[in-house]
There are 2 protein chains.
Amino acid sequence: MALNESKTSADRFQQMLDKLKSLDFRITPQRLAVLRILAASEDHPSAEQIFEKVRIEFPTTSLATIYKTIVLLKGLNEVLELGFPDGCNRYDGNRPFPHPHVICTGCGKIMDAELKSLDGLKEEIHKKTGFRIQHHRLDFFGLCQECQETM
Amino acid sequence: MALNESKTSADRFQQMLDKLKSLDFRITPQRLAVLRILAASEDHPSAEQIFEKVRIEFPTTSLATIYKTIVLLKGLNEVLELGFPDGCNRYDGNRPFPHPHVICTGCGKIMDAELKSLDGLKEEIHKKTGFRIQHHRLDFFGLCQECQETM
DNA sequence: TCTTTATGGATAATAGTTATCTTTTAGTAA
DNA sequence: TTACTAAAAGATAACTATTATCCATAAAGA
Ligand SMILES: [Mn+2]
Ligand SMILES: [Mn+2]
Ligand SMILES: [Zn+2]
Ligand SMILES: [Zn+2]
């Protein structure tokens, strides 16, 4: 399989679990639940949304546990955080590396986007600015097809 | 002058002032100070940094006034807000339209970057997703040349 | 100068996230 | 299986950039 290609939910779950085990982090039911949700989600859920799903299975779970698990996975590069200044941050557990997103300003939907012509930009930036680029963030804001019809 | 080309500080100041006057907003000393600072700055200052500069001239100025002026200018598309989830937002009064930035993860410096190959991306995204794109945000994170030498 | 009302100044409120502290439990070895 | 211990969970306080509120002030026009 090519690098950065999308994997199945089960693949990603196992990948994250293996990473935790290999680094001797404890495997708790709460962590497993967060891992399952992140691996399965396609819609870039918020911490609150993850929290609500975990609570269905484990009603005593604390929101702090969700945040602590997210911080842990971020540090292991197993989840991509899409931070927003207003409103809440969103998370991508399927593709935990920088990639373009399209964000609907109507309904808040966030989708992945492929862009072939993005590859050369890092090098172009390095040559012009001298920066050693570590990562990037590319968001397109607009109206999704559903919101175009209703607005 | 070509569209989106950089203007002198005086040009931008006058442009913002004309916009406020044409819409019958009141011209106050505090607003003039914020306009001057935004028009002259090349370093994407934070609200706090603008506040400190305004206070040199008008020591009784409130931070709320800075924020209210920024909100006003944002609504008139006369300043570009670079929102960050952690830490404070930064503002560009010289180029109040979306454009790429390089951000130093060492010292926090934010610089403008030119990218010719960015032009076609919006159309490519529209064709693939059906979104009607309104604006975008492109950030490259890395180490500036100074920070590369000291880290 | 007078009047009107937008704006300034001071401060309270907001909200997502993080820190703190106590209790519980996962992992391990006897 | 049981006991031990460090790590993680749960509850809640703290944090902080920004926004809202409210009254005082002053810009703009007559
Ligand atoms: Mn994504
Ligand atoms: Mn800029
Ligand atoms: Zn939508
Ligand atoms: Zn730097």
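Naming: A, B, ... by sequence-line order, numbering from 1 per chain.
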Discussion item. Apply side chain to side chain contact (heavy atoms under 4.5 Å, CB included) to residues Leu20(B) and Met16(B) and explain how you reach the verdict.
Written reply: CA-CA 6 Å; Leu20(B) 290 184; Met16(B) 293 193 268; 5.8 Å; no
Worksheet item: For DNA chain D, which residues in residues 16-23 of chain B have a heavy atom at a distance below 4.0 Å?
Response: none
Worksheet entry | Same apolar cluster: Phe51(B) and Leu72(B), side chain cutoff 4.5 Å | yes
Worksheet item: From the 5' end of DNA chain C to its 3' end, which nucleotides mark the outer limits of contact with chain B, defined by a 4.0 Å heavy-atom distance cut-off (strictly under)?
Response: dT5(C) to dT11(C)
Discussion item. Looking at Asn94(B) and Ser41(B), would you say the former's side chain and the latter's main chain have a donor-acceptor pair under 3.5 Å?
Written reply: yes
Just distance, no hydrogens or angles: give the donor-acceptor pairs under 3.5 Å from side chains in residues 25-33 of chain A, sequence neighbours left out.
unit_1   : atom_1 : unit_2   : atom_2 : d
Thr28(A) : OG1    : Arg31(A) : N      : 3.1
Arg31(A) : NH1    : Arg26(A) : O      : 2.9

Item to complete: Provide the closest heavy-atom pair for Asp112(B) versus Val102(B) in the form atom of the first, atom of the second, distance.
Response: O-CG2, 4.5 Å
Discussion item. Using modelled atom types and a 3.5 Å cut-off, is there a donor and acceptor pairing between side-chain atoms of Glu52(B) and backbone atoms of Gln49(B)?
Written reply: no
Fill in: Backbone of Thr61(B) reached by a side-chain donor or acceptor of Thr65(B) within 3.5 Å
no
Worksheet item: Could Glu78(A) and Arg12(A) be called an ion pair, given the rule that one side-chain N must be under 4.0 Å from one carboxylate O?
Response: yes
Discussion item. Can you list everything that forms a side-chain hydrogen bond (donor to acceptor under 3.5 Å, both in side chains) with Asp86(A)? Sequence neighbours excluded, please.
Written reply: none
Fill in: Contact interval (first through last nucleotide) of DNA chain D with protein chain A, 4.0 Å heavy-atom
dA6(D) to dT12(D)
Worksheet item: In terms of side-chain geometry, is the basic nitrogen of Glu48(A) or Arg90(A) positioned less than 4.0 Å from the acidic oxygen of its partner?
Response: no
Item to complete: Can you measure from NE2 (His101(A)) to CZ (Arg137(B)) and round to the nearest 0.5 angstrom?
Response: 14.5 Å
Item to complete: Can you sort out which residues in residues 44-54 of chain A have a heavy atom within less than 4.0 Å of DNA chain D? Ascending by number, please.
Response: none
Practice prompt. Can you tell me which residue pairs pass the ring pair (Phe, Tyr, Trp, His ring centres under 6.0 Å) test with a partner in residues 132-151 of chain A, sequence neighbours excluded?
Written response: His135(A)-Phe141(B), Phe141(A)-His135(B)
Which pairs of donor and acceptor atoms, one on a side chain in residues 142-149 of chain B, lie under 3.5 Å apart (sequence neighbours left out)?
unit_1    : atom_1 : unit_2    : atom_2 : d
Glu146(B) : OE1    : Lys109(B) : NZ     : 2.8
Gln148(B) : NE2    : Gly130(A) : O      : 2.9
Gln148(B) : NE2    : Leu143(B) : O      : 2.9

Response to the item:
Distance col, row Ile37(A):CD1 vs Ile56(A):CD1, nearest 0.5 angstrom, shows 8.0 Å
Fill in: Connected via hydrophobic side-chain network under 4.5 Å: Leu17(B) and Ile50(B)
yes
Worksheet item: Would Leu138(A) and Leu115(A) satisfy side chain to side chain contact (heavy atoms under 4.5 Å, CB included), going step by step from the backbone distance to the final call?
Response: CA-CA 10 Å; Leu138(A) 175 52; Leu115(A) 272 183; 3.9 Å; yes
Response to the item:
Sorted by number, residues from residues 75-92 of chain B placing a heavy atom under 4.0 Å from DNA chain C are none
Fill in: Taking every non-hydrogen atom, the tightest pair across Lys19(A) and Leu76(A)
NZ-O, 2.7 Å
Discussion item. Tell me which residues in residues 28-43 of chain A lie within less than 4.0 Å of DNA chain D, going by non-hydrogen atoms.
Written reply: Thr28(A), Gln30(A), Arg31(A)
Worksheet item: In terms of side-chain heavy atoms, does Gln15(A) have a donor or acceptor partner in Asp11(A) at a distance below 3.5 Å?
Response: no
Fill in: Where Leu118(B) and Pro100(B) come nearest, the two heavy atoms and their spacing
CD2-CG, 3.6 Å
Worksheet, complete the sentence: Assign each of Lys68(B) and Tyr67(A) the nucleotide of DNA chain C bearing its closest heavy atom; nearer the 5' end lies the nucleotide of Lys68(B)
Worksheet entry | Degree of bending in the helix from dT1(C)-dA30(D) to dA30(C)-dT1(D) once both end axes are built from five pairs, to 10° | 30°
Worksheet item: Can you name the residues that form a salt bridge (Lys or Arg N to Asp or Glu O under 4.0 Å) with Lys21(B), not counting sequence neighbours?
Response: none
